[in-house]
Amino acid sequence: DEDEVLMVMSKCLSQLINRVGEGYEGVLLKPLELLLTVEESTVRDKALESTMLVADRLDQEGFQSVYADMLARLAEKEWFTARISAFALIGSG
């Protein structure tokens with residue numbers, strides 16, 4: 001099932017935090033951003049968890065630029081799934 005694969009991908013991306021190296025954690029946000037727009041809520045929930053883990057590891061500059069830019073893009077998309085994810089991330093911070 002496609003949704004199960006996407007859910008596993010969402011989980012695995014957070015497991016790559018230590019492997020990408022310090023200062024490069026932000027590269028994981030691009031695929032997570034796509035997963036945060038998926039219609040299936042279980043996939044989005046897992047992507048939200050992983051995104052929060054990545055955000056916790058970002059330095060101040062990365063948080064203000066990469067993470068904040070991602071939140072803005074999600075909040076401005078037409079799809080309700082992206083906006084729901086943006087508001088969930090804002091509410092968790």
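Hydrogens, waters and symmetry mates are skipped; everything else that's a heavy atom, side chains included, is used.
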Tell me, do L13 and L53 make a side-chain contact under 4.5 Å, heavy atoms counted? no
Let me confirm one number: the CG-CG distance from L29 to L34, rounded to the nearest 0.5 Å. 11.0 Å
Please answer: with hydrophobic residues joined when any side-chain heavy atoms are less than 4.5 Å apart, are Y24 and M52 in the same cluster? yes
Please check if the side chain of S50 supplies one atom and the backbone of A47 the other of a donor-acceptor pair under 3.5 Å. no
Residues that, via side-chain heavy atoms closer than 4.5 angstrom, fall in one hydrophobic cluster with I84: F80
For a quick test of reading the model, state the closest non-hydrogen atom pair linking T37 to A82 and the distance between them. CG2-CB, 3.7 Å
Would you check if the side chain of R44 reaches a backbone N or O of V38 as a donor-acceptor pair within less than 3.5 Å? yes
Any chance you could measure M9, atom CE, to S14, atom OG, to the nearest 0.5 Å? 12.5 Å
Evaluation steps, side-chain contact (heavy atoms from CB on, under 4.5 Å), between K11 and M7: CA-CA 6 Å; K11 180 181 178 184; M7 195 164 54; over 6 Å; no
May I have all residue pairs that pass salt bridge (Lys or Arg N to Asp or Glu O under 4.0 Å) and include part of residues 57-79, sequence neighbours excluded? E33-R73
CA sep, side-chain torsions, deciding dist, call: E2, V5, side-chain contact (heavy atoms from CB on, under 4.5 Å): CA-CA 5 Å; E2 182 180 304; V5 172; 5.8 Å; no
Could you grab the distance from atom CG of D45 to atom CD of E40, nearest 0.5 Å is fine? 9.0 Å
side-chain contact (heavy atoms from CB on, under 4.5 Å) between V54 and Y67, worked out: CA-CA 9 Å; V54 172; Y67 186 73; over 6 Å; no
Under a single-linkage definition using a 4.5 Å side-chain heavy-atom cutoff for Ile, Leu, Val, Met, Phe, Trp and Tyr, are V27 and L74 assigned to the same hydrophobic cluster? yes
Same cluster for I90 and L32 if Ile/Leu/Val/Met/Phe/Trp/Tyr side chains link at under 4.5 Å? yes
Start with the C-alpha distance between V43 and L36, add both sets of side-chain angles, then the distance that settles side-chain contact (heavy atoms from CB on, under 4.5 Å), and finish with yes or no. CA-CA 8 Å; V43 174; L36 289 167; over 6 Å; no
How long is the straight-line distance from SG of C12 back to NZ of K46, given to the nearest 0.5 Å? 10.0 Å
